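Report on one structure; see the data block that follows.
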Amino acid sequence: MFFYHIMLLFWRCLVIHCGTDRLLGDAPRLIEVYGGNSEDWDKMTSIEAFEINGASVQVHWFRNSQTLQDVEFKFKRQYPKTAPKNL
């Protein structure tokens, strides 16, 4: 089931940083490791979060817009905030 959700992310994603507007801070490292040009690399995020063990999870990664290579997936977890108890 987990991998099913990951595959859905490829269809439901959003570019949060495009390499042509401003140099992506990670671009030099991405170029060194994976190749390409600085304007080829975009930072991506999933549009919808999904829940794993009570945490809301959103996925971030880098995509080469020329080759469509997706690399370095990071899972951002956010746990629900609990209201402070009245004493």
Side-chain angles (χ1 to χ4, degrees):
M1 186 70 155
F2 176 74
F3 293 106
Y4 171 75
H5 288 292
I6 297 302
M7 293 307 295
L8 284 177
L9 294 176
F10 290 112
W11 296 105
R12 303 179 78 143
C13 61
L14 178 70
V15 176
I16 57 176
H17 186 280
C18 186
T20 57
D21 295 341
R22 184 171 54 99
L23 180 62
L24 184 64
D26 291 294
R29 180 181 54 76
L30 292 167
I31 293 165
E32 183 177 330
V33 175
Y34 304 105
N37 299 309
S38 59
E39 64 271 6
D40 296 343
W41 288 100
D42 301 324
K43 188 168 185 179
M44 308 293 293
T45 186
S46 56
I47 292 174
E48 295 181 15
F50 53 95
E51 188 176 320
I52 297 177
N53 295 333
S56 174
V57 179
Q58 188 176 35
V59 182
H60 294 240
W61 68 95
F62 297 103
R63 174 177 287 167
N64 183 306
S65 60
Q66 298 302 308
T67 64
L68 300 181
Q69 179 183 20
D70 294 317
V71 298
E72 300 186 11
F73 292 86
K74 296 177 182 153
F75 297 86
K76 306 278 184 156
R77 289 178 290 201
Q78 182 175 354
Y79 291 93
K81 297 184 188 308
T82 56
K85 295 180 181 178
N86 293 332
L87 300 175

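Quick caveat: nothing in here was measured; it's all calculated off a predicted structure.
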Exercise for the section: Measure the CG-CG distance between Asp42 and Leu30 for me, rounded to the nearest 0.5 Å. Expected result: 10.5 Å

Problem - Side chain Ser46, main chain Val59, donor-acceptor under 3.5 Å - result: yes

Exercise for the section: Taking side-chain contact (heavy atoms from CB on, under 4.5 Å) as the test, write out the residues that go with Ser56, two or more places apart. Expected result: Ala49

Problem - For the student: nearest non-hydrogen atoms of Asn37 and Ile31, plus distance - result: C-CD1, 3.7 Å

Practice task
Rounded to the nearest 0.5 Å, what's the gap from NE2 on His60 to CZ on Phe75? Could you check?
Solution key: 11.0 Å

Problem - Distance in Å, Trp61 CH2 paired with Gln69 CD, rounded so as to fall on 0.5 Å steps - result: 14.0 Å

Fill in the blank from the handout: The reported gap from NZ in Lys43 to CG in Leu24 (rounded to nearest 0.5 angstrom) is 7.5 Å

Problem - Any side-chain heavy-atom pair of Phe62 and Lys74 under 4.5 Å - result: yes

Problem - Partner set under side-chain hydrogen bond (donor to acceptor under 3.5 Å, both in side chains) for Glu72, not counting sequence neighbours - result: Arg29, Tyr34

Problem - Shortest non-hydrogen separation from Gly36 to Asn64 and the atoms involved - result: CA-ND2, 4.2 Å

